[in-house]
There are 2 protein chains.
Amino acid sequence: MDESGNWHTAAERAGFVRDILDRIGDKWSVIVICRLGTGPHRFNELRRATEGITQRMLSSTLRALERDGIVSRTVHPTVPPRVEYALTETGRTLLDVVTALARWTDQHVDVIRAARADYDDRTHATA
Amino acid sequence: MDESGNWHTAAERAGFVRDILDRIGDKWSVIVICRLGTGPHRFNELRRATEGITQRMLSSTLRALERDGIVSRTVHPTVPPRVEYALTETGRTLLDVVTALARWTDQHVDVIRAARADYDDRTHATA
DNA sequence: CTGAATCCTTTCCGATACTG
DNA sequence: CAGTATCGGAAAGGATTCAG
């Protein structure tokens, strides 16, 4: 990208997009990020709020996000242990672009569904 | 989402984001989309321009994008056959949000790299 | 409560060969 | 040129068990 914010090549842009998709393109990251967008949460809070996630996946997802500085992890040394996860400043800006993605989907989900039905008709058109 | 563009719940937003990530979260979709952002391309043109992609993956990626109305496929009935792929109107709007994603990454790649190095130091701190 | 470790299934995707 | 078909390795992720 140059100073004006324009991309030199399609490959350059594609490279950057792949970088971020490698982080949040997995099954659970964006779900956790959206959930933390409403404020800090404890481990089992997140677990209960995130339908279908296993302990293993929540744990590894959080650690990956923490490693990249998107989520912070705060341990309160009490008994029983209390651990709070929250979005960092970086994480909050990421939530913004994730929200933009959600908005696009919301606006196009109908067209896409229609295109898909149309395609399926045309292809294996049982005639 | 309501008429004002606000989300009712984190889960609603997360659901929409997962929908789109299920489409473009794979290894090649966004690369192909970025490439088609510079104009229509033929199959082997895309293949050569997209380093590392196999015929099989390019083919299946294009078909998936075509099915969802993101990419159009135009066959010119000549000999040899000539097939052109291009972004649809929907595809162009998607390229915009993909570009926003790339821009975010470009702006945060340094912080993320630093956070990662820092995390790796702190964790298996051999000390 | 907050995890880590192990096992096992499923999905993704690369390599290769073949076709109109 | 523009694909499809089949195979096999690698990786993601779910189920379950154990631990501080």
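Naming: A, B, ... by sequence-line order, numbering from 1 per chain. These numbers were taken from a predicted model, which means no experiment stands behind them.
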### Query
Which is true for B/R73 with a 4.0 Å heavy-atom rule: it touches a base, it touches only sugar-phosphate, or it touches nothing?
sugar-phosphate
### Query
Which whole-number value in Å describes the distance from B/Q55 CD to C/dG14 P?
13 Å
#### Entry: Atom-pair distance (CD on B/E84; P on D/dC1), nearest Å
14 Å
### Message
Between A/Y85 and C/dC1, is there a contact of a side-chain N or O with OP1 or OP2 at under 4.0 Å?
### Response
no
#### Entry: Basic-acidic side-chain contact under 4.0 Å: B/D120, A/R67
yes
### Query
Is any side-chain N or O of A/S59 closer than 4.0 Å to OP1 or OP2 of C/dA4?
yes
### Query
To the nearest Å, how far apart are B/L58 CG and C/dG14 C1'?
14 Å
### Message
What is the separation between atom CZ on A/R47 and atom C1' on C/dA4, rounded to the nearest whole Å?
### Response
14 Å
### Task
Could you state the atom-to-atom distance from CG of B/L46 to P of D/dG3 in whole Å?
10 Å
### Task
Look at the side chain of A/S29 and the backbone N and O of A/G25, then say whether any donor-acceptor pair between them is shorter than 3.5 Å.
no
### Query
Which nucleotide sits closest to the side chain of A/M57: D/dG3, D/dC1, D/dG14?
D/dG14
### Message
I want to verify a distance call: between C/dT2, D/dA2, D/dA15, whose nearest atom is closest to the B/P81 side chain?
### Response
D/dA2
### Query
Does A/K27 make a side-chain N or O approach to OP1 or OP2 of C/dT11 shorter than 4.0 Å?
no
### Message
Nearest to the B/V83 side chain among C/dA4, C/dG14, D/dA2, which nucleotide is it?
### Response
D/dA2
### Message
Please determine whether a side-chain nitrogen of the Lys or Arg among A/R92 and A/E89 lies less than 4.0 Å from a carboxylate oxygen of the Asp or Glu.
### Response
yes
### Query
Tell me: NE2 of A/H76 to P of C/dG3, nearest whole Å?
13 Å
### Task
May I ask you to say whether B/R18 pairs ionically with B/D22, meaning some side-chain N is under 4.0 Å from a carboxylate O?
yes
### Message
Taking any heavy-atom pair under 4.0 Å as a contact, classify A/R56: base, sugar-phosphate, or nothing.
### Response
base
### Query
Between C/dC1, D/dG13, C/dC13, which nucleotide has the shortest distance from any of its atoms to the side chain of A/D26?
D/dG13
### Query
Is it true that B/E45 and B/R47 have a side-chain N and a carboxylate O under 4.0 angstrom from each other?
no
#### Entry: Between P of D/dT4 and CG of B/L62, the distance in whole Å
10 Å
### Query
Separation of A/N44 atom CG from C/dA4 atom C1', in whole Å?
15 Å
### Query
Given D/dT4, D/dC1, C/dG3, which nucleotide is nearest the side-chain atoms of A/F43?
C/dG3
### Task
Between B/R42 and A/G25, name the one whose nearest nucleotide on DNA chain D is closer to the 5' end.
B/R42
